[in-house]
Structure formats: C-alpha cells, structure tokens
Amino acid sequence: MILVIVFLPLLAAAIAGLGNKALGAVPAKLVTTGALFVSCALSWPIFIGFLSGAETAHVTPVLKWIVSGNLDAAWALRVDALTAVMLVVITSVSALVHLYSWGYMSEEPDQPRFFAYLSLFTFAMLMLVTADSLVQMFFGWEGVGLASYLLIGFWFRKPSAQAAAIKAFVVNRVGDLGFMLGIFGTFLVFGTVSIPAILAAAPNMAGSTIGFLWFRADTLTVLCLLLFVGAMGKSAQLGLHTWLPDAMEGPTPVSALIHAATMVTAGVFMVCRLSPMFEMSPVALDVVRFVGAATCLFAATCGLVQTDIKRVIAYSTCSQLGYMFFAAGVGAYGAAMFHLFTHAFFKALLFLGAGSVIHAMHHEQDMRYYGGLRKSIPLTFWAMMMGTLAITGVGLPGLGGLPNIGFAGFHSKDAIIEAGWASGNPGVWFVGVLVALLTSFYSWRLMFLTFWGQPRWVNSEHIQHAVHDAHGHGHDDHAHHDAHDHADAHHAPAAAEDAGHSPSTHGAAETELAVGTAGYHPHESPLPMLIPLIILSIGAIAAGFVFHGYFIEPEAGERFWKGALAFREHLMHAMHEVPVPIKLSATVAMLLGLLTAWVAYIRSPGLPAVWAAQFRVLYRFLLHKWYFDELYHLLFVRPAFAIGRIFWHRGDEQTIDRFGPNGSAWLVQLGSRGATRLQSGYLYSYAFVMLIGLTAAVTWAIAG
C-alpha cells in the first residue's frame, strides 16, 4: 500500500509530463488528480490505524541504492505515526489542490505541464516523509526544492515569476548547505545515515565534543544546529524567509500546496523526526525556540500592513511555522505536529479561498480594490470565514473539567502557548500571546477589507484594465502589476500613506471609497473550486476537536506516537494544569485583535490613515518587511553582481578572450597577412625566395 501511495503520483507526473499537449489537458488532469485521490484514500486508513492502535511502525524495502565503504543507504519507506500524519496531510491537500486547479487553471494553455509539476512535487514530499535514512530524506528535500522552483516559475515568461523562482531556489540552497554539512557530520560521528540507528546511538554521544571551525564544541549541538539551518531555509525561518512572500508570483494553487501542507512544513517534520537527537542538546533547542519565536513575531508584524491578499496569508504561514518551531524548541513536539496538522486544513482553505476571490476579481490581488464581496461570492465568504475563525483561534477554553470547544487553530495554537508557559519560558509564552493578537488583527483586517464595506471595485479603472488584460491574455494571474505591496498613487482608488498623501482623506493603504455604481460584477467560482473549499472548511472546524487527544493528551499521545518522536509526557501534563489566566490569555488576545480590526475597518475606517501618518517610520519599516530584502540586496546581491562584472569584463573578455581565442585568431590573421605578401605572383619573387632557401641550405651544410 505504501508503495502505491508514494509512487503513483510519480507515475502520473511522468504520464502527464511526457504526454504533455499530445496527451491533452483533460486526460492529464484525470490521470494526475485520480492518482492523488487514490493515494489520499489509501493514506487515511493508515492514519486511522495508528489512531486505533491497529497499525505498528514498519519499514518497506524498495531497493539497494548507495553502497560505498561504510556508507549503506538503502531505499526503504518507513511508516510510523509521524509518517502517517504527514501522509494524510500531504495527499489530502494535494488532491484537493489538483481538483481546485481544474477550475482555477481552466484557461491555461499548459495545463498538462502544470499538473505534472503538482504531482512531481507531491511525490518528492512523500519521499521526504517516508525516508528511513538521511540520504533518502535529502533526495526528497531537494526534490521539493526543484518542483517548487518549477511551480513558482510556472509562468516563465513573466520576469517577476522567474526572479521569485530563482530566489526561492538560491535561498534554499543556503539552507541546504547546512543540511548537507549536518548529514556529513552525522555520518562521520555515527558511521551510518540510517535514522533509527542514529537516534538509538544519540544518547551515547551526549557530552562528547567535535572539532568545527577551528574550535571544539558539543558534538550533538553542532550536528543539530547544522541540520536546523536546513530546516530554516525550507520552512522560511527568520533570516532565510525572504523567498516565501515572493513565491506568491506562482499560481494560487501552488501557493496553497507549498505554504499549507508540504514544502514549508518539511523543516518542522525533520526536527520532530530527529527530536530524540535534539533532546540531547539543550543549546540547539534554545536556538530552535528563539528562532521560532522571533520568526513568529516578525512575520505577524509584516502581515499587519500588506495589501496583497496572498502576501498577507503568506506572512501568516511564516508566523504559524514560527509557532511550530518554538513548540519544538520547548520540547512539545506533539503540539508542533498537531499545529502542523490543523494548519494544513485552515491555511489551504485560506489560500484557496483567496484564489476564489482573485478569480472573482479577474486576478486582482490588491485588497484595496475589494470590499462588499460577501454578497457576490457567498460560498467563498463563508469558507474564508471558517478559515479565519480557525487561524485566529476562536473557541471556549475548557474550565472546571469541561472539554475545549473551538475551531482547529484554537486547539493547536493554544496548546503551543500553554506549552511555552508550562516549560518555564514566560518570554516565549508572551510572544505567543502577542502574536495571537496580531494574527487576529491582520486576519480580520483581510476579511473586513475583502468582504465588508463599500464595493471599491465598482467602475474602478484599475479593475477594468485587469478585466481587459485577463480577456486579452488568458488566465494570467499577474496581468495587472508586479509590486502588490507598494502603493500606486495613480491607479489606486485612494492613495496610500506610502505615496505621501494626506491622512485626512479616507485613503490610506486600506481605506478606499467606492468610485461608482455600475461596472464589473464579481461572480462565484466554478464547482471544482468550491468543493475543496467545502471539504477544507470541515477540517478547519473539526480537525482540532476530533484529533487533539491523540496528539497532545499525555496517555493517548504516548500510545499514538509510540516513539515516533520524543514525547515529554510530563510537559503534556503540565500544559493541562496551567493557571486559568494562562488558559484564557490567547482567547483574550484574539478578542482584542478582532475588536481593534472592527474599530479600524468597520466603525472608523479613517483610523488606519491616521495611524499610518502618526507612526510613519514604523509603518514604512513594516511595509518594507523590516528591510531584509534591501539589506540582502546591499550585502549580497550587489557585491555578487559586481564580482560577476569583474570576472566578465576583466577576466573573461580582457584576459581569457584576449589571450585565448581572440588572441589566437589575431595571430593567425597576422600570419595570413604576412603570407599573402609572399604570394605576389611574380616569377622574380619566387626565384628570390628559392635563392634565399638555397643559400640557407648550403650555409647549414657547410657549417655542419
């Protein structure tokens, strides 16, 4: 069964990719989508088997792969509780994304290529999560990197999509360098790349040291930190996060697939898979906790001011990944995986819901041109409402022995915040609560700007241009503009603060006026796009309540995980015994965020303009994402281009070409010109040359 689950998407990708246009769009879609639904249908019984205790961990050999000296990396598929969670997450979201793409990409001429890329991505991710060795995990790790490059740059004729794909690829190579060094070091220390063997031997290496960068350090700390660098790149943690927002240049189904359940969660999965190894290094856990909390806060602040609907959700993903990492950093690996599980449902729902909004608005992504859409696209509105209630953590904390009742994010995110307090890290707990407030604010800001207020798209010149471009250029998803997060003083219904207009007008980046009473009318998405929204809405509502016991309850969690990750049962007990104010803190933060967003965007829509003017420096700082891109451009991009120009002009043109092929050609040309002078055609010239030759020969004979 596991062989079918993993390799069926690869077979479908090969058929659709090699057949391409000769196969046709409909057969390609049927093959790839059908394969993913089969894989999904086979994955859920495995997951349910682990929940019920009927399944046990097992390894399915595939073939001998690499045997070189002490290195023996056999290809085998490992299935345990951790793998089972990832199987249902990956196959479920991927299958629904495939189905959703039937409607969203219906006008795209290269549909077979797109669906082949989706299936290839899914296969690579399945290889990653079923890996029994670090080398096999690295194969899947690089596979999702390649497939994400192809998907983000799917519209390869669009310069910004090309740049985003290259950026994602390069930034991930930085993280992958750390991951490779970690694998090399692990093999050096343990003499094997087998994950079970490494985890079994890890306690024996506690307290040992290893030479690294001209000094000696704790062995497991060095190895864990190197491996974590790879996780930072793949899961877009602070410092290596810059590729994630730009990945929005790809089609919206790609955004849902990459950001919801697959590539960005690979780092969290890897840390949890190797959690017994991380448990032996308190320093490494401190770094994981700090980076996760910092990323959580950073991304949430950036999401406050973005105007591109997909970028807001992208920064939300980055922030939620930070939650998962700081949960792992405090030792609550079960809570980290629980949030990964629930996050897949509501984040895929939000991304696909945003795609439905973009589809309705002829591929306009700027929320400043939305407003009043809840009556035009009611099913999309209610789906995104379910996703928003889930991500903001709406629910009733169980007090007095009562169970927790709430949406998916309420169960998993609150568990992480409580774990922060129970682990003795009040600073991390405070960051978690603060980010819960910010998450609530920017999530409801997105909902209010999109679905409430006056319809700012009516007779909008900008929307009409988008409609014209969409009709003229096909399903392009990027016909309107390149920089969604910067204000446009000419086209915007009302100017943004970043453009320098007066805050007294109702015209900051988030508050626009309707511009007419007639014009383009949004429409609801087709059925293939709505069915995934309905299914994911069920997950966003019920996934937390139904499954929380298996992930984080002390006794049930121990039975479910069965050693698949390091499960601190005492921490799980402490989480459930935190004081009542701690239990209520996340709920209070959620309500404060909701109230603030309602006041700013419904009751007093002029407030954002006033705030942006009052805190102009902070506003610009957040609008430019803490200037990370500008800083990296200054420190890395410009020097790299300068070095490239030096090697190009001085090295290649003025040295290699000058003294190499160009110089050789010049010498041949010079010699040919000299030779032509000897070929005059006159008899006396040839006689003179013969005389010189004869004289030289006689002289040589006499001298000899």
- Contacts of type ring-ring contact (aromatic ring centres under 6.0 Å, His included), residue W626, not counting sequence neighbours: F298, F621
- Item | From I309 atom CD1 to L446 atom CG, the distance as rounded to the nearest 0.5 Å | 4.5 Å
- Message: If only side-chain N and O atoms count, and only distance matters, is there a donor-acceptor pair under 3.5 Å linking S316 with K347?
- Response: yes
- Aromatic rings Y323 and F326: how do their planes relate, parallel, tilted or perpendicular, breaks at 30° and 60°? tilted
- Query: Pick from T307, V357, D308: which one makes a side chain to side chain contact (heavy atoms under 4.5 Å, CB included) with Q365?
  - Reply: D308
- Kindly assign one of parallel, tilted or perpendicular to the pair F338 and H548, based on the angle between their ring planes and the thresholds 30° and 60°. tilted
- Sort out for me which residue in K625, K310, R311 forms a salt bridge (charged side-chain N to carboxylate O under 4.0 Å, His left out) with D246. R311
- Task: Measure the spacing between CZ of F121 and CD1 of I258 and express it to the nearest 0.5 Å.
- Result: 5.0 Å
- Task: Using the six-membered ring wherever Trp is involved, compare the ring planes of Y117 and F154 and label them parallel, tilted or perpendicular (cut-offs 30° and 60°).
- Result: perpendicular
- So F115 and W102, would you call those rings parallel, tilted or perpendicular, with 30° and 60° as cut-offs? perpendicular
- Could you grab the distance from atom OG1 of T295 to atom CE of M324, nearest 0.5 Å is fine? 12.0 Å
- Quick check: are there more than 12 heavy atoms from other residues, nucleotides or ligands sitting under 6.0 Å from CZ of F545? no
- Message: Between Y149 and I166, is there a side-chain heavy-atom distance shorter than 4.5 Å?
- Response: yes
- Measure up the H523 and H362 rings against each other and bin them: parallel (under 30°), tilted (30 to 60°), perpendicular (over 60°). perpendicular
- Query: Would a 4.5 Å heavy-atom cut-off, applied to side chains only, mark L527 and I531 as touching?
  - Reply: yes
- W243 side chain to G233 backbone, donor-acceptor under 3.5 Å: yes
